[in-house]
Every structure is written in C-alpha cells, then in structure tokens.
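For this chain, numbers begin at 1 and follow the sequence in order. Not measured: the values here are computed from a predicted model.
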Amino acid sequence: MLSLTFVLLAALATASNAALTRRVVCPDGHTVSNEACCALFPVLEDLQTTVFDSGCGDAAHAALRVSFHDAIGFSKSQPSLGTGADGSILIFAETELSYDANLGIADAFNVEVPFIMKHNISVADLYDLQHVYVFPTYIYPSIQFSAAVSLTHCPGVVRPTFMFGRVDAKSPAPDGTVPEPFQSVQQILARMADAGFTPAEVVALLASHSIAGADDVDPTMEGVPFDSTPSVFDTQFFVETQLRGTLFPGTGGNQGEVESAIAGELRLQSDSNFARDSATACLWQENVNNQAHMASSFQLAFAKMQVLGQDTSKMVDCSEVIPIPPPLSAGAAQAFFPPGLSIHDVEQACANKPFPNLPTAPGSPITVANIPQDPATDGACQDNGQDCTIQ
C-alpha cells in the first residue's frame, strides 16, 4: 500500500510538471510557455523590419539609451524619486526631457511614438495579479522591449531576458536620477547604489557604451562613437578608454568630455574616470579582452535594470520571444590596440594586475567615422519634450 502511494505521488508530480511546462501555440504558429507572450511576436516582427532594419546602428543605440534613462528613475531610500522602469520618461516627456541629462532622448521617441500609435500600444503592460491578459490589443514594447530587441542586432551580446507586465508611472521621475558624465565616480556610484547597483554592476552596464555614440556632448557633432567598433558589442571600449588621451573629435572644452586617443572618437569624462579610479579600475580592466565576462555581466545587470521598481512576481517571463543575437567569432572578439598605439600608451590604473598584452592592428592611425544618423530619429518630438505625446 505504501509503495502504491509513492507511485501515485510520483505520477501526480510528473503530471504537475508536464502541466507547468506545457507549450502554447500562438495564432501565428510560434510556441511559448505563457499565452501572454504571443502578443509580442507581431510587435517584434514590425520592430525588426521597420525600426532596427539597419542593424546595430543609430536607432538601436537610441533605444538602448532611453531604456536606462527611464529605468534609473528609482531610489531605494526615497521611493518618491520614481518607480523605475515605468515609462515615465515618455508619459511625462515634457517634464523629463527638460532635464539636461535627457538631452537627445527625443531621437528615440521619434522612432517609437509612431510605432506605439500604429500598434495601439499602452505605455504599461496591462496584466492583473494572476497574469490574466486584460486588453489583448495593448502591449508595451516602447522602451524596455525595444531595447532588448535592439541589442540582438549587435554581435557579441548574450541574448537578453525580458519580463512582461510593467505598471504605468503615476508621476515623472525628478531631475537628478540620471548620472551625468561630468560627475565624479563617487557621485555616480552613490546614485547607482541608491538604485540597487554595486560598482561591478555599474561597470557592467557601461559596456553599453561599446555600441553607443554621442549626439549632444559636442554640440557640433552627431553620432560620435565611444570606441572604434560601435556596431559590435566587444571589449574595445574598455581598451580604448584606458589609452592616454591626446585629442578631441571636434571642439574642445565641452562639459563631460575629455581627450580621447583616437581621431573621431569621443571619450566621456565619467568613462575616463571609471577606467582610472581606484574603486573601479580593476573592474574596468577585467573586461579587456574578456568577451565572455563582459557579455554575461552586462546581461545580468541589464536584466536587473529593466525591472527596477517593478514587482516581478506579477510579471511574465517572455525571454523566449527575444531573438538570439549574431555570434562574435573568436577573431572578432580579440581585443587590440588601434594602429599606431601600444601598451606604452596605456595609463595603467589597476594596482592588482598588469594590463593585458594585446596586438597592435596594422596600418596607419585611423579616424573613426561617425555613426550614420537614422532618418527615423528626426520627427515631431522635440528635445524639450514638446510634441512627444501619444495621441
């Protein structure tokens, strides 16, 4: 009798596990573990063909930047400072885009607002406590979903995760929650710690600058890359920020900018400081020529950032909807010194380990080209937040 009981219990457990792992077939033929995720596939297809059709370029960079600027409006010590990844930067665009730290975010909204209106998208995922899908025509890819999808166009990225079910912001995040490039390492770490991030996670998030460019730091230039390979998520950013700066890509004297080592490349003051400060220099150097570490640590920190202020127990894991990014070959992942530069140009800052010995790329010194600007980033939404409202 006892053995029969064990058999029955085992059978029940097996049946329960099967129920938990049962796949759902979506109307378009995709299969998912939760029916709610089906609604994301049409949006994904449209994003792929109309927004990120140029790959890891200007539109992808803009989507990634706005995801951080929205999510970081969160404080553990002062809940009134915002509710994190809640869409407040778009819902209250005329307030938040007036903040200096958000200059240029309008580029992302010019891409995303028409897309939201086209798909009848709300600014928050509409789920109830039991994950029952309330309004099947309303979804929220505008900020965090778009950012996750944008990353999958950049070779070298580990497939991002995605939690579905964010709640609308009820008020704007106040000014000062987004760190500024002219702030000290200590100031930035303190702000990020208040949002729940360790110094290692802050450095991990800064790997996003490997696929980024500046539009407004130097007001005379747009799409100025932070490293020599802005369309590849590789460790060159961590190499090149450690090289001795000698020139500006455009005009000098801009707040938040310091000299870089390569013509056409812009170096943020904060990135330069993180690469040299005793609190973060070794964390920074750990990424050099260590693609696996950089990619995996970024994936974890990015996932944490995307749900700041949200109750993940009330959200649905739809990570399986996110495409697999293109791989980065071992040769492409090999870090190097740009032509004409070597270990002698490194400003060594990590006291624990020597800087990795890297090859120097052959040829004459290079000038890094600006990132081509996507025409879709030009539109009605203004830098001050006017005309950004979803109708």
Chemist: Could you check whether F164 and F145 have their ring centres less than 6.0 Å apart?
Modeler: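 No: the rings miss the under 6.0 Å criterion.
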Chemist: Taking the side chain as everything from C-beta on, heavy atoms only, tell me whether N254 gets closer than 4.5 Å to P219.
Modeler: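 Yes. Closest side-chain heavy atoms under 4.5 Å.
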Chemist: So Q183 and N273, side chain to side chain donor-acceptor pair (under 3.5 Å) or not? Walk me through it.
Modeler: CA-CA 9 Å; Q183 292 178 319; N273 290 344; over 6 Å; no
Chemist: Which atoms form the tightest heavy-atom contact between F52 and A63, and what is the distance?
Modeler: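 So the two residues come closest at CZ-CB, 3.9 Å.
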Chemist: Any idea how H209 and F226 line up, ring-wise: parallel (<30°), tilted (30 to 60°), or perpendicular (>60°)?
Modeler: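 H209 and F226: tilted rings.
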Chemist: Kindly determine whether T241 and D271 satisfy side chain to side chain donor-acceptor pair (under 3.5 Å), including the steps that lead there.
Modeler: CA-CA 7 Å; T241 46; D271 289 340; over 6 Å; no
Chemist: Which pairs pass side-chain hydrogen bond (donor to acceptor under 3.5 Å, both in side chains) with one or both residues in residues 292-304, sequence neighbours excluded?
Modeler: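 Non-adjacent pairs meeting side-chain hydrogen bond (donor to acceptor under 3.5 Å, both in side chains): E201-K304.
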Chemist: Assess the cysteine pair C37 / C26: is their SG-SG separation shorter than 2.5 Å?
Modeler: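 Their SG atoms do not fall under 2.5 Å; no disulfide, then.
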Chemist: Out of curiosity, D28 CG to T31 OG1, how far, rounded to the nearest 0.5 Å?
Modeler: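 Reported value, rounded in 0.5 Å steps: 10.0 Å.
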Chemist: Answer whether the closest heavy-atom distance between the side chains of S208 and F68 falls below 4.5 Å.
Modeler: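 Of all side-chain heavy-atom pairs linking F68 with S208, none is under 4.5 Å.
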Chemist: State whether E347 and R276 are salt-bridged, where the test is any N-O pair (Lys NZ or Arg NE/NH1/NH2 against Asp/Glu carboxylate O) under 4.0 Å.
Modeler: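 Yes, charged N to carboxylate O under 4.0 Å.
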Chemist: For the pair E240 (side chain) and F237 (backbone), establish whether a donor and an acceptor sit closer than 3.5 Å, ignoring hydrogens and angles.
Modeler: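 Such a contact is absent between E240 side chain and F237 backbone.
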Chemist: For D175, does the CG atom have more than 12 heavy-atom neighbours from other residues, nucleotides or ligands under 6.0 Å away?
Modeler: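 More than 12 heavy atoms, drawn from other residues, nucleotides or ligands, come within 6.0 Å of this atom.
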Chemist: If only atom types and distance count, is the side chain of D215 paired as donor or acceptor with the main-chain N or O of G223 below 3.5 Å?
Modeler: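 Pair found, side chain donor or acceptor close to backbone of G223.
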Chemist: Please assess N289 against T235 for the test side chain to side chain donor-acceptor pair (under 3.5 Å), listing each intermediate value before the final yes or no.
Modeler: CA-CA 6 Å; N289 205 31; T235 71; 5.0 Å; no
Chemist: Can you hop from F274 to F302 via hydrophobic side chains spaced under 4.5 Å?
Modeler: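 Yes, same cluster.
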Chemist: For the atom pair OG (S260) and CG (L247), what is the distance rounded to the nearest 0.5 Å?
Modeler: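 The CG atom of L247 is 5.0 Å from OG of S260, to the nearest 0.5 Å.
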Chemist: Donor-acceptor pair, distance only, cut-off 3.5 Å: does the side chain of D46 make one with the backbone of V43?
Modeler: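 Answer holds: no.
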Chemist: Can you see which heavy atom on A279 is nearest to which on L189, and at what distance?
Modeler: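 In terms of heavy atoms, the two residues are closest at CB-CD1, 4.5 Å.
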Chemist: Do side-chain atoms of E96 reach the backbone of L90 as a donor and acceptor pair under 3.5 angstrom?
Modeler: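 Flag not set: sc E96 to bb L90 has no pair under 3.5 Å.
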Chemist: Okay, side chain of S54, backbone of G57: is any donor-acceptor separation there less than 3.5 Å?
Modeler: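 Side chain of S54 to backbone of G57, a donor-acceptor pair under 3.5 Å: no, none is there.
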Chemist: Rounded at 0.5 Å granularity, tell me how far CD in Q236 sits from CD in Q291.
Modeler: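 CD of Q291 is found 10.0 Å from CD of Q236.
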Chemist: Of all heavy-atom pairs between G87 and D70, which one has the smallest distance, and what is that distance?
Modeler: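 Closest approach of G87 to D70: N-OD2, 3.0 Å.
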Chemist: Is it true that, when you exclude E259 itself, more than 12 heavy atoms of the residues, nucleotides or ligands shown sit nearer than 6.0 Å to its CD?
Modeler: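 Yes - once you tally the heavy atoms of other residues, nucleotides and ligands closer than 6.0 Å, there are more than 12.
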Chemist: In Å, rounded to the nearest 0.5 Å, how long is the span from CD1 of I105 to NE2 of H69?
Modeler: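 One finds 4.5 Å between CD1 of I105 and NE2 of H69.
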Chemist: Drop me the distance from E257's CD to D218's CG, to the nearest 0.5 angstrom.
Modeler: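 Here the interatomic distance stands at 5.5 Å.
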Chemist: Indicate yes or no: at least one non-hydrogen side-chain atom of E320 is less than 4.5 angstrom from one of R23.
Modeler: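 A side-chain contact exists here, since the closest heavy-atom pair is under 4.5 Å.
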Chemist: How far apart are the C-alpha atoms of Q306 and S67, what are their side-chain angles, what is the distance that settles it, and do they pass the side chain to side chain donor-acceptor pair (under 3.5 Å) test?
Modeler: CA-CA 7 Å; Q306 286 205 301; S67 70; 5.4 Å; no
Chemist: Tabulate below the donor-acceptor pairs under 3.5 Å that side-chain atoms of residues 350-370 make, not counting sequence neighbours, or state none.
Modeler:
unit_1 : atom_1 : unit_2 : atom_2 : d
T360   : OG1    : L341   : O      : 2.8
N370   : ND2    : E222   : O      : 3.1

Chemist: Answer yes if the side chains of Q334 and D234 hold a donor-acceptor pair under 3.5 Å, and no otherwise.
Modeler: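 Absent: no donor and acceptor within the cut-off.
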Chemist: Heavy atoms only: give me the nearest I371-A212 pair and the separation to one decimal.
Modeler: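 Answer, listing the atom of I371 first, then A212: CD1-O, 3.9 Å.
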Chemist: Is there a side-chain contact between D86 and T83 (heavy atoms, below 4.5 Å)?
Modeler: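 Result yes, sub-4.5 Å side-chain heavy-atom pair found.
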